[in-house]
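Being a predicted model, the structure only gives us computed values, none of them experimental. All values below were derived from every heavy atom in this structure, side-chain atoms included, with hydrogens, water molecules and symmetry-related copies excluded.
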Amino acid sequence: MSTSTLNNPLSEPCVMVIFGASGDLTKRLLVPSLYNLTCDELLSPNFAVLGTGRSDISNDEFRQSMASEDNGLRAFHTRNSFDEDACEELLSRFYFEPANIDLEGFTKLKETVAKLDEEYQAGGNVLFYFAMAPRFFGSLCENLHKAGFQDGDGWKRIIVEKPFGTDLQSALDLNAEILKYWREDQIYRVDHYLGKETVQNLLTFRFSNGMFEPLWNKHHIDNIQFNVCESVDVKGRGGYYDHSGVLRDMMQNHMFQMLSYICMEPPGSFDADAIRNEKAKVLESVRIYDEAGVAENVVRGQYGPSFDDAGSIDKPGYRGEQDVNPESKTETFAAAKFQIDNLRWQGVPIYLRSGKALWKRGTEIVIEFKKPPESMFKGTEVTQLTSNRLVFHIQPYQGIELLFQAKTPGPTVQLQSVDMAFDYGDAFNASRYTGYEVMIYACSRGDATLFSRGDLVEAAWRIAQPLLDYWAKAPAQDFPNYARNSWGPKAAYELLEKDGRSWFEVVTPDVLEELPMFKDADRLLLNAVILAMQSVSKEAGDVIIQKGDTTEEMYFICRGEVQVLDNKDEVVSELKEGNFFGEIGLLMSTERTATVKAKTSCDLFTLSKSVFGRILRDHPQFADNIMRIAKERYDLSVSMSDLTE
Ligand code: BG6
């Protein structure tokens, strides 16, 4: 979202009617978005908000509850600082009218809208926001129509929240029901991922930079990975989630939207329909699986509990969550391989992975390019090349990174992974947005680019439906099959291993910061460390660190578990996904005091002291801090030469 300083036009005049105005969505997202538009001076002075619902509250009570400190704008705003004047100015345009969803209720509502229209000179424009459960959409549309809301001057538009249907048939029915009373060009179906700057930038990145488009096809790209990891669990939304699962909640909508941006053909223009035609077209080219295809290409998971050091459950598994069936078969994780059967992408696997209660929060899209022939390097120290990768960091870290290899300085040919990175935070000094402001703004201006058209929603359900059918027919027998805070079920790794590939795990700065040594460390240092980490796989029983050896690596567990053994080979502790070990090895060369063995097969990231030393030599400003932390946390006195030798 850009600000008024860039001379953007104002939103169009209108009365915005919110159905479900006392709900969470209104407080957490809609009002903070309207507030952001006010602060950025993008909201037309001829814009009023009319909340409606069953509560019998006055305008003043509505305004107070929307502004409240514990459950309103003061709590949920996203600006760096709170602007009282802007808040007051915005709330002065808020009104409330109790109404049932029936003809009588809406006839009265129409009178209030007409009064506000006159007072605010809104030109008859009305934007209806359906912030309610989809089961009400049909009656909302019908009664708005019957009450005559479509008549008169000005435009009338509706914004419809997700979920748009719960399967293909219900989405078809819902579209048919809405289209009985509204034209497609009046319907704005929300997918809040399209409101994210980093998602919108996918299109701009692809089509405003000439250098990547020639490479954007099966001849140069080996595979594409979409990864949406969430560390949160179902967070009190068990009642909803147990009827949804990750396929309906994340993949069918948000992830397929990103997939269509990354894989669509160039549109003829940036017009809403030109873009939406291409998005729908690419989803229509995704191969629809039969049962065997689902069994082979899709993996599901459900999280189990986490345990404290004494072995007691400290957080329940999914089946123990509030409002969740204790025998639930709902998936909280899924990984899938899709194929797009068109000229551009034929044969390029498109991998998607998403889940709840995972070890980190991070949404990334990884474009992995084909490798050049390794044989060219024969006779040098180089035995293996790493693919070039273009990584779109969607959130929470926002940026774009190109990973490539460079020769390490020295007399022989040795390679090291390095990157070129663009960080939104460095390039743009913008406040954080909710993602909804751009959608309200665009809708008021009649721009449907950021909204889903009916055909795209249906195409997305067509891809998802066979997965739902197969899972209903063959419920998972192994749930729960991944631990809280882990990387998800092992089968997700095997899905790629059988193709000779692996997930590109993006270690984010917040993950490294869990290690005392890197807590609050400078971003530059964290990024350098992340790039320098190498991946290694170990089989169950492999010794990773041998007591008495002087090894100098730190390890980070991506998948699997390790055991720490004492002198008598007795297990003193076990570490799992997300844990680090061996970090003292980065600080000084010293004999290891315990043996660490893989308990299961493991995927690990490792960082060696020599590489860490080089990073500190390149960034000596960070060494003091590392020395201080070594003393405070590990009681080690290390010098710069200890660290960098
Ligand atoms: C919502 C889902 O649509 O998206 C939630 O219902 C999920 O389950 C959320 O947590 C993720 O959104 P974001 O913007 O945090 O990635």
Step by step, work out the side-chain hydrogen bond (donor to acceptor under 3.5 Å, both in side chains) result for Asp323 and Tyr241. CA-CA 9 Å; Asp323 300 328; Tyr241 199 88; over 6 Å; no
Evaluate side-chain hydrogen bond (donor to acceptor under 3.5 Å, both in side chains) for Lys407 paired with Gln414, printing each intermediate quantity in order. CA-CA 6 Å; Lys407 178 180 171 298; Gln414 294 189 33; over 6 Å; no
Hey, mind stepping through Tyr351 and Val366 against side chain to side chain contact (heavy atoms under 4.5 Å, CB included) and telling me if it holds? CA-CA 10 Å; Tyr351 300 108; Val366 181; over 6 Å; no
May I have the step-by-step check of side chain to side chain contact (heavy atoms under 4.5 Å, CB included) for Val562 and Ile557, ending in yes or no? CA-CA 8 Å; Val562 302; Ile557 310 173; 3.8 Å; yes
Step by step, would you call Asn36 with Thr78 a side-chain hydrogen bond (donor to acceptor under 3.5 Å, both in side chains)? CA-CA 8 Å; Asn36 281 338; Thr78 61; 3.0 Å; yes
Phe256/Phe338 under ring-ring contact (aromatic ring centres under 6.0 Å, His included): CA gap, chis, key distance, verdict: CA-CA 11 Å; Phe256 286 174; Phe338 290 108; 5.8 Å; yes
Check the pair Glu561 / Thr600 against side-chain hydrogen bond (donor to acceptor under 3.5 Å, both in side chains), numbers first and verdict last. CA-CA 6 Å; Glu561 286 177 48; Thr600 61; 5.7 Å; no
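Remark: Phe605 pairs with Glu505, Val507, Met533, Ser535, Phe556, Cys558 by the side chain to side chain contact (heavy atoms under 4.5 Å, CB included) rule, at least two apart or across chains. Not counting sequence neighbours, the partners of Lys360 by the side-chain hydrogen bond (donor to acceptor under 3.5 Å, both in side chains) test are Glu364.
Between the side chain of Ser387 and the main chain of Arg389, no donor-acceptor pair closer than 3.5 Å is present.
Ser328 contributes atom OG, which lies 6.5 Å from atom CZ of Arg319 (distance to the nearest 0.5 angstrom). Atoms CG and CD1, from Leu402 and Ile367 in turn, are 11.0 Å apart once rounded to the nearest 0.5 Å. A distance of 12.5 Å separates OG1 in Thr434 from CZ in Phe76, rounded to the nearest 0.5 Å.
Aromatic pair Phe333/Tyr318: ring centres not closer than 6.0 Å. Checked against a 6.0 Å centroid threshold, the rings of Phe392 and Tyr261 do not count as neighbours.
Shown here for Glu374 and Lys371, the closest heavy-atom pair between the two residues is OE2-NZ, 3.7 Å. Here the closest heavy-atom approach between residue Met258 and residue Val199 is recorded as SD-CG2, 4.2 Å. Phe518 and Leu512 make their closest contact through CB-O, 3.5 Å (heavy atoms, listed as atom of the first residue, atom of the second, distance).
Atom NZ of Lys235 has 12 or fewer neighbouring heavy atoms from other residues, nucleotides or ligands inside a 6.0 Å radius.
Asp233 has a carboxylate O that lies under 4.0 Å from a charged side-chain N of Arg484, or vice versa, which qualifies the two as a salt bridge. Ion pairing between Asp24 and Arg237 fails under the 4.0 Å rule for side-chain N and carboxylate O. Salt bridge status for Asp569 with Lys597: absent, with no side-chain N to carboxylate O gap under 4.0 Å.
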Using atom types as modelled, flag every donor-acceptor pair under 3.5 Å from a side chain in residues 570-577 to any protein atom, sequence neighbours excluded.
| from | atom 1 | to | atom 2 | distance (Å) |
| --- | --- | --- | --- | --- |
| Glu574 | OE1 | Lys599 | NZ | 3.2 |
| Glu574 | OE2 | Gln563 | NE2 | 3.0 |
| Glu574 | OE2 | Lys599 | NZ | 3.4 |
| Glu577 | OE2 | Gly560 | N | 3.1 |

